[in-house]
Each structure stands twice: as structure tokens, then as C-alpha cells.
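The model shown is predicted, which means the values in this text are computed figures rather than measured ones. Hydrogens, waters and symmetry mates play no part in the numbers below; they use all other heavy atoms, side chains included.
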Amino acid sequence: MTSSVVDYENLMSSGFSEKNSASLSLRTVRPRWERKKMQQERSVSSSQSDSNSSGDRFITNRSAMDMEKAAHAISESAAALVSDDGASSGSEDESDLFDGDVGEEYRNTLKTAMLGDDHRVLSFKEKAPVSKGDTVNNLQVLYSGQGTASRATKSNMNKLVSRHIPSAPSRILDAPDLLDDYYLNLLSWSDTNVLSVVLGQTVYLWNASSGDIQELYTYDHSEESYISSVSWVQQGGGHIALGTSDGTVELWDVNAGKKLRTMDGVNAGKKIAYYGGHGDRVGALSWNQHILSSGGRDSVVVNHDVRVSRHNIATLSGHDQEVCGLSWSPDGSTLASGGNDNKLCLWDASTSGVSSQTRYTLTDHQAAVKALAWSPHERNLLATGGGTADRSIKFWNTRTGALLNSIDTGSQVCALQWNPFEKELLSSHGFARNQLCLWKYPTMVKVKELDGHTARVLHMACSPDGSTVVSAAADETLRFWNVFAPPEKVGSKRSVDGHGARRKKLSKTMYIR
């Protein structure tokens, strides 16, 4: 009995202790941070189990990727494929090429051999090809020439000259029916201060001193006929030469108002008789004392001695197309002719008879050569300007035929005029800005730009006192610019009459007719 009692007590005590411990554990509450930690561990384990299970989506987790292990697995797979195909028996040796310094050198050599030193995908190794020169991008001319000069550029221009150059014209004359033809020469200013301009079929004379307008002559042989060139005699200013669309050259006495003679041509192309002239229109004229040179669309230059009846003393055949520019040198020794064949020909004054022997034939221009201007400061220095496809001003040594300088103006060069007092050159241009530009020679730095015309500036002429330049444009206006000034008159008020007289400003546009 005693043993039974002992066993019962042991059983009761053990059961009671287990019950108490269970109840105690039920009553124990874990801290919040411990519960959060346990919850996070359970969520991570569940996500890993879900990723291992197959599904219809795979979302990469870069943080869980072992990049080194993946690279090693790829290289091992490649080595296994090479060994299986039997392409190389020394796979272990070849795999060493991709490891260490040897592998780095191998990769650099391979990259250089395949891609070159400059391995950029988008790189220009050569410049764009240069245009041939016989074409022009009108959009490029438009958008490169439309911008006006900045303040800094204008201030630099002003520092190049000590005198004030007005930006606006001092006078504007209306010139209706002025022909818009690049190959004609329709403006000339005499040493007696009389300006001649051709409007359609009529020649008008405007006296700059008094403002009087005179209608000299109307060439109305037919509805299609017109006067194609005009040029005053160098000294005296009493005689003027006119070239016509029919190939004739006429000499007029302005004071008497009558025609002195007509130097006819024959319609035989280049086969011109000794006594004749041109077989097509005469677009250029130039005087050398009593010798009058004329250039025509028949591609020849004729020298006329106006004192004798058999006036044709030389026929010069050096061009292939229309002669649009003529100018004698100041000393009368050289005649320069420019043509639509892009040629510049230099002729000796002693040339006579029918000749094609030029001193030099220069072909550097890429377009028609109309603008010609001899320097009054340096002997044998000639400036020439090219057309739309050329857009350049070139300077020549006419004694040697050497090209001294060439600048790209960005637009068609229509006329050139030297400053008689300083080494400056004024040029007139066409599309896109139709402006006049003053250049400093020989640096060819742009000193001033004169805007105002709305169409290409075809012609220019200088007043007898050298201070004023008149420009004639296809917008049918004449504009007078006080761009040149004698050194002693810098800062003084000058007028267009060529004698320094003070004048009143015009309140409205004057009309030539």
C-alpha cells in the first residue's frame, strides 16, 4: 500500500508541474519587435519558395544574381562546346587567353583590328566634299546672309575708320523701267557732275549741281530695242557713248543735243568686217582717251578710234560668250574684259587688227565676271567680282597675271568701286541682302555695310569729287551714299553736288521722269 501511495503522489506531482508550465507558457506574451522579426522571416521564406515554383511570369531580381558565377558558367559552357566539336585540342590553353593581362591585351588587339583606333560608332573621318563652284545653295545664301551684324561686330567696324559713314542714303531718286539685267551697264557719272542713267529705251541726264533733268535720246527702232550700255568720255564731259541692243555704238554731243556718229556692226557673228562693229547687243563700254572699247554678246571686243571714219582699229576675240565687263587701266596700257564664260582677259593697248592674242587669260572665277575696278593707289592692281555661282572678289597683278587674294562675299558681286582717297573698296551685291559692303584693303576686313535696296544692286558710279557713290538697283531706285571722304574733309558736311555746297534735305522722293 505504501508503494501505491508513493506512485500516486509522483504521478500527481508530475502532472501538476506539466500543467503549470503549459499554462505559464500560454500566459507569456512576446515583445513587438520580436513578433515583427518573426513575421519578416516568414514572408522572405514564402517568397523564396514561390520563386522556385514554376509559373507563367518571371521577374528578374538583380540583387539576387551572382554575376561572377554566371560569367564562369558561360565560359565553362563555351569551353565544353569547343571541346565537344573538336575544333581545338588545347581548350585549356585557349581559355587562358581570356584571363589576366594576356586576355586584356588580346581583347584590345582584337578591338583595334576590327574597329580601328577611333572606335566611335558615329564619327566623321573626312570632311564633306567641296562644291564644284558652278552651283549655289540659295537657302544657304539666304540664311547665312540674312542675319544682321552684332553690336560687337559693328563696333569693330567703326574702329577701322576715323570718319563717320552714314548708314542711310543722302538722297533717293526713283528710276522706273530700269532693266534688271546683270550683263548691262546703264549708269555713268561725268566729270562735269552730270549723271546719265538708262531707263528702258531712253537716256536721262540728271545734273547733280542744279537738280535739272534732261531727256537726251529715246532709241525706239522697234518695240524690243533698248539701250544696253552708257559711258561718258573721260575728260570734258561733253560727249557720251551709247551701246544698243542692235549692236550699234552711238556717239552723242550732250551740249548740242545731237548724235555725232553711229558705228554700225554687221550681223555676221564673229566674222566682222574691218569697218564694222558688233553683230549683237553691246553691253559694256570703256574709254581710253580717243579710243572707245565696246564688248558685245557676240563675244568680241572692238576698239574704235572715234576720230577717224574707219573707226574699227582692233577686234579682240578672247571670249566664248557675252562680254559684260570692260575697263581700261588708269595709265591706258591695259584693257581688262570680263565675260559670261567666267574668263578675265587682259589686253595690251598696242593690240591692233583682228587678234585673239591676250596678255593673260585668267579662269579662276566660277561665274560671269562683270565687276572690274582698277586701283588708283597701286599700279597693275585690278579687282574683279564674280556672279552668283562664284560670289568672290579677286585681286590680280596684271603685269604678272598672279592672283594676289580672293575672298568669298557670300552673294553675287555686281559692281566694284575704289575709294580715291584711301585703300578701300566698295562692292555691291545681289541675293540675299542686296547690300553695299566697304572693305579695307589689303586686309579685306569689312568696314561698313549699307542696306536699303530691296533688289540686287546692279550698278555703281562715283561723283567727280570722289565723296559720293550712287547705286542703281533692280528695285528701280537710285541711292546716293556719302561713303568716301577726302582726308581734309573728315567730319565736315558734304553734298552730292561734288563741290561741297550745303544743300537742303529732300522731303520726298524725286522722279527722274
Side-chain angles (χ1 to χ4, degrees), residues 160-161 185 188-191 231-236 284-293 295 301 303 313-314 316 318 323 325-339 343-352 355 357-365 369-386 392-407 413 415-428 437-445 447 460-467 469 483-488:
L160 295 174
V161 292
N185 293 271
S188 183
W189 205 333
S190 72
D191 61 353
S231 179
W232 284 99
V233 70
Q234 289 176 323
Q235 297 176 354
L285 297 170
S286 181
W287 285 91
N288 181 19
Q289 296 181 357
H290 56 275
I291 302 298
L292 174 63
S293 298
V301 178
N303 289 341
I313 60 174
L316 311 177
V323 178
L326 277 179
S327 182
W328 279 97
S329 61
D331 60 3
S333 63
T334 306
L335 173 65
S337 63
K343 291 182 181 179
L344 170 64
C345 296
L346 301 177
W347 309 86
D348 291 322
S350 59
T351 304
S352 62
S355 174
Q357 185 65 37
T358 63
R359 182 195 299 175
Y360 296 107
T361 299
L362 307 171
T363 59
D364 293 70
H365 280 288
V369 184
K370 177 197 173 186
L372 306 173
W374 291 90
S375 172
H377 311 290
E378 298 183 22
R379 190 177 182 182
N380 300 319
L381 176 59
L382 175 66
T384 61
S392 69
I393 299 176
K394 299 184 186 297
F395 297 89
W396 309 89
N397 184 333
T398 58
R399 185 178 60 85
T400 63
L403 177 62
L404 304 178
N405 192 10
S406 178
I407 62 166
V413 182
L416 294 172
Q417 187 70 49
W418 283 93
N419 184 343
F421 310 109
E422 298 184 27
K423 290 186 177 182
E424 296 174 348
L425 181 66
L426 184 67
S427 59
S428 67
C437 296
L438 183 63
W439 309 84
K440 195 74 173 179
Y441 184 82
T443 59
M444 292 309 292
V445 177
V447 176
M460 285 196 304
C462 188
S463 63
D465 71 342
S467 63
V469 173
V483 63
F484 300 149
E488 65 274 10

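Side-chain contact between Asn419 and Leu438 is absent, with no heavy-atom pair separated by less than 4.5 Å. Two residues are said to be in side-chain contact when any heavy atoms from C-beta on lie closer than 4.5 Å; Trp396 and Asp364 meet this criterion. Within the 4.5 Å cutoff, side-chain heavy atoms of Asn185 are placed close to those of Lys370. Residues Thr351 and Leu335 fail the side-chain proximity criterion, which asks for heavy atoms closer than 4.5 Å. At least one side-chain heavy atom of Ile393 sits less than 4.5 Å from a side-chain heavy atom of Val413. Leu382 is listed as a side-chain neighbour of Leu346, based on a closest heavy-atom distance under 4.5 Å.
Distance check, rounded to the nearest 0.5 Å: CG of Asn405 to CG of Asn397 gives 13.0 Å. To the nearest 0.5 Å, atoms CD1 (Ile407) and OG (Ser427) are separated by 7.0 Å. Rounding to the nearest 0.5 Å places CG of Leu425 at 9.0 Å from OG of Ser375. The OG atom of Ser327 lies 6.0 Å from the CG atom of Leu372; values are rounded to the nearest 0.5 Å. Distance CG/Leu362 to NZ/Lys343: 11.0 Å, rounded to 0.5 Å.
In this structure, Ser293 and Trp328 approach most closely via the heavy-atom pair OG-NE1, 2.9 Å. Across all their heavy atoms, Leu426 and Met460 have their closest contact at O-CE, 3.4 Å. Nearest approach of Gly385 to Leu416, heavy atoms of both residues: N-CD1, 3.8 Å. The two residues Ala336 and Leu344 make their nearest non-hydrogen contact at CB-CD1, 4.4 Å. Nearest heavy atoms, Cys462 versus Phe484: SG-CD1, 4.3 Å. Here the closest non-hydrogen pair linking Gly318 and Cys345 is O-SG, 3.8 Å.
Checked for salt-bridge contact, Arg379 and Asp331 meet the test: a charged N lies under 4.0 Å from a carboxylate O.
With sequence neighbours left out, the ring pair (Phe, Tyr, Trp, His ring centres under 6.0 Å) criterion links Tyr441 to Phe395, Trp418. With sequence neighbours left out, Thr334 forms a side chain to side chain donor-acceptor pair (under 3.5 Å) with Arg359.
Checking side-chain atoms of Asp465 against main-chain N and O of Ser467 turns up a donor-acceptor pair under 3.5 Å. Under the 3.5 Å distance criterion, the side-chain polar atoms of Ser190 are left unmatched by any main-chain donor or acceptor of Trp232.
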Could you please spell out the steps behind the side chain to side chain contact (heavy atoms under 4.5 Å, CB included) verdict for Ile313 and Ile291?
CA-CA 9 Å; Ile313 60 174; Ile291 302 298; 3.5 Å; yes
Evaluate side chain to side chain donor-acceptor pair (under 3.5 Å) for Ser406 paired with Lys394, printing each intermediate quantity in order.
CA-CA 4 Å; Ser406 178; Lys394 299 184 186 297; 2.9 Å; yes
Test log, rule side chain to side chain contact (heavy atoms under 4.5 Å, CB included), inputs Leu381 and Leu404
CA-CA 9 Å; Leu381 176 59; Leu404 304 178; 3.7 Å; yes
The test is side chain to side chain contact (heavy atoms under 4.5 Å, CB included); show your working for Thr398 and Trp374 and say whether it passes.
CA-CA 10 Å; Thr398 58; Trp374 291 90; 3.5 Å; yes
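Other residues, nucleotides and ligands place no more than 12 heavy atoms under 6.0 Å from the CD atom of Gln235.
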